[in-house]
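The chains referred to below are lettered A, B, ... by the order of the sequence lines, with proteins before strands, and numbering in each begins at 1. Given the structure is predicted, the values throughout are model-derived calculations rather than measurements.
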There are 2 protein chains.
Amino acid sequence: MTPLFYKDQERFYVSVDCLILGFKNDKLYLLITKRKFEPLKGQDSLMGGFIRPDESLSETVTRVVYEYTGIQDVFMEQVGAYGEVGRDIGERVISLAYYALIDIQSFDEQLCKVHNARWQELETVGELIFDHKQILQDTIEQLRKKAAAEPIGFNLLPEKFTLPQLQTLYEAIYQTTLDKRNFRKKILEMEILEKQDDKDKSSSKRGAFYYKFNKEKYDQLLKKGYYFSL
Amino acid sequence: MTPLFYKDQERFYVSVDCLILGFKNDKLYLLITKRKFEPLKGQDSLMGGFIRPDESLSETVTRVVYEYTGIQDVFMEQVGAYGEVGRDIGERVISLAYYALIDIQSFDEQLCKVHNARWQELETVGELIFDHKQILQDTIEQLRKKAAAEPIGFNLLPEKFTLPQLQTLYEAIYQTTLDKRNFRKKILEMEILEKQDDKDKSSSKRGAFYYKFNKEKYDQLLKKGYYFSL
DNA sequence: TCAAAAGTGTTCAATTTACACCCATGT
DNA sequence: ACATGGGTGTAAATTGAACACTTTTGA
């Protein structure tokens, strides 16, 4: 019942490459693994996995991210398809790149040992196999644009976070410094944050109030034609 | 010499779907074809083609666009990868969507008959097979953002164009009206257009001066940290 | 001579940027 | 009591939005 026309076509290996990003110590980190098989076994690589016949693309990403982080229900976005003929030196593989933003607190550190993985500060990532470095560049560029236009940064923070935390996150994303008063004014004016009663005292004596992102309020805002922008 | 690990994996049909866009009569048009083979033979569809083993993704797009338009060296951009398990009802096909912007003047009208294709006004596109309508939505959204931030609109115009033409193009892209004086001020201040000595008299008695986009000037602008925005 | 599209500047409003001091608290 | 990071408002500058009339010329 498969149409004949399809049968005449070539088929290809298709993989996903996942850029798993976390935020700690005021910096963005990329999860990097040592490749487990030839060719280039042992070299630094993005997390990857081949697509299975019964999986959609995002299901494959979800599976790979879960495997490497133990986290489910992760925020992800597609970066693009990479299909130069010789990009994978083993066989021809077309790769679909996705980045995933995780709260690094809920990351299972054990899994680093299992997978020979490590968190590498984003700005200091060295050589990666194939075109993975290019994929990373494209991802950073896309993340910057997206983070400026939609409230996706919160995926990198715990449910409760402080405004200083949020600001250093955006400073890490944009690789710049931001004015404290302007930043706070802007984010608070949107009224998408809910101030909590308790404080984080881990980084100052005075303590900084916790906030939560309120997705419902954000959705209402969208309906009214307002847009997130930082 | 192919690594064993790869051999264990499934392989997939991979196609590109091309959204070929043109501009005429103050409106954007999408090239639509009647599907040539089963399943859904005869229904409206984007231009597509299967990837060949010796082709990169953009080479496949270039080939498909050439086949349907007779145009080479076309501006294109990737929209994304579409890979839901059941998206193609014939077989599982992972599709990589690209849009291409062409100068509709240089389009070979003959090819419409050869391929059962037609230009459909973008805002009136009806049902399309599979997830092609979704792909179209995503494309329009991406095109709007891109056109606002980079000088890609010129790919939809002849080499020489007038400012009224350019303005109606942007009005078609954004689906809004723009203030003539503000528009002209903004685009001319960038100094990326070169005024010609001759006029287009086809749409008014007085005639409107032709301009050309100057890519060199634009690149210099980029180096100085200025950015295109319309 | 008149209809139809091309061309041209200024004012006001909104947004963005720059900037400095007091507060709370643990040591 | 003091050091450390948290928290707050205003003024200036820039950018974006609104707006109306003159010019050219073919029919």
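To the nearest angstrom, C1' of D:dT4 lies 14 Å from CG of A:Asp200. When rounded to the nearest whole Å, the span between CD of A:Glu171 and C1' of D:dG5 equals 14 Å. Note: CG (A:Leu188) to P (D:dG6) measures 14 Å, nearest angstrom. Taking atom CD of A:Gln167 as the reference point, atom C1' of D:dG6 lies 11 Å away to the nearest angstrom. Whole-Å rounding puts the B:Lys180 NZ to C:dA5 P distance at 10 Å. Here C:dG7 presents its C1' atom at 14 Å from NZ of B:Lys201, a figure rounded to the nearest Å. Atom CD of A:Glu189 is separated from atom P of D:dT8 by 13 Å (rounded to the nearest Å). Regarding A:Leu178, its CG atom lies at a distance of 14 Å from the P atom of C:dT16, rounded to whole Å.
With distances taken from any side-chain atom of B:Lys205 to the nucleotides D:dG26, C:dG7, C:dC19, the minimum falls on D:dG26. Proximity note for A:Lys185 (side chain, C-beta onward) versus C:dA18, C:dG7, C:dT25: the nearest is C:dA18. Picking from D:dG7, D:dT23, D:dA17 the nucleotide with the shortest atom distance to the side chain of B:Arg206 gives D:dT23.
The residue A:Thr162 sits apart from the nucleic acid: no heavy atom pair falls under 4.0 Å.
Minimum interatomic distance between A:Glu67 and A:His115 (heavy atoms only, all atoms of both residues): O-CE1, 3.0 Å.
Between A:Tyr218 and A:Phe213, the ring planes lie tilted relative to each other; the angle falls in the 30° to 60° range. Using cut-offs of 30° and 60° for the angle between ring planes, the B:His132 and B:Phe130 rings count as perpendicular.
Checked for salt-bridge contact, B:Asp219 and B:Lys215 meet the test: a charged N lies under 4.0 Å from a carboxylate O. Salt bridge A:Glu141/A:Lys145: present, at least one basic N to carboxylate O contact under 4.0 Å.
For the pair B:Lys199 and A:Ser204, both in contact range of DNA chain D, the more 5′-proximal nearest nucleotide belongs to A:Ser204. Of the two residues near DNA chain C, A:Ser229 and B:Ser203, the one whose nearest nucleotide lies more 5' is B:Ser203.
The side chain of A:Arg181 places no N or O atom within less than 4.0 Å of a non-bridging phosphate oxygen (OP1 or OP2) of C:dC19.
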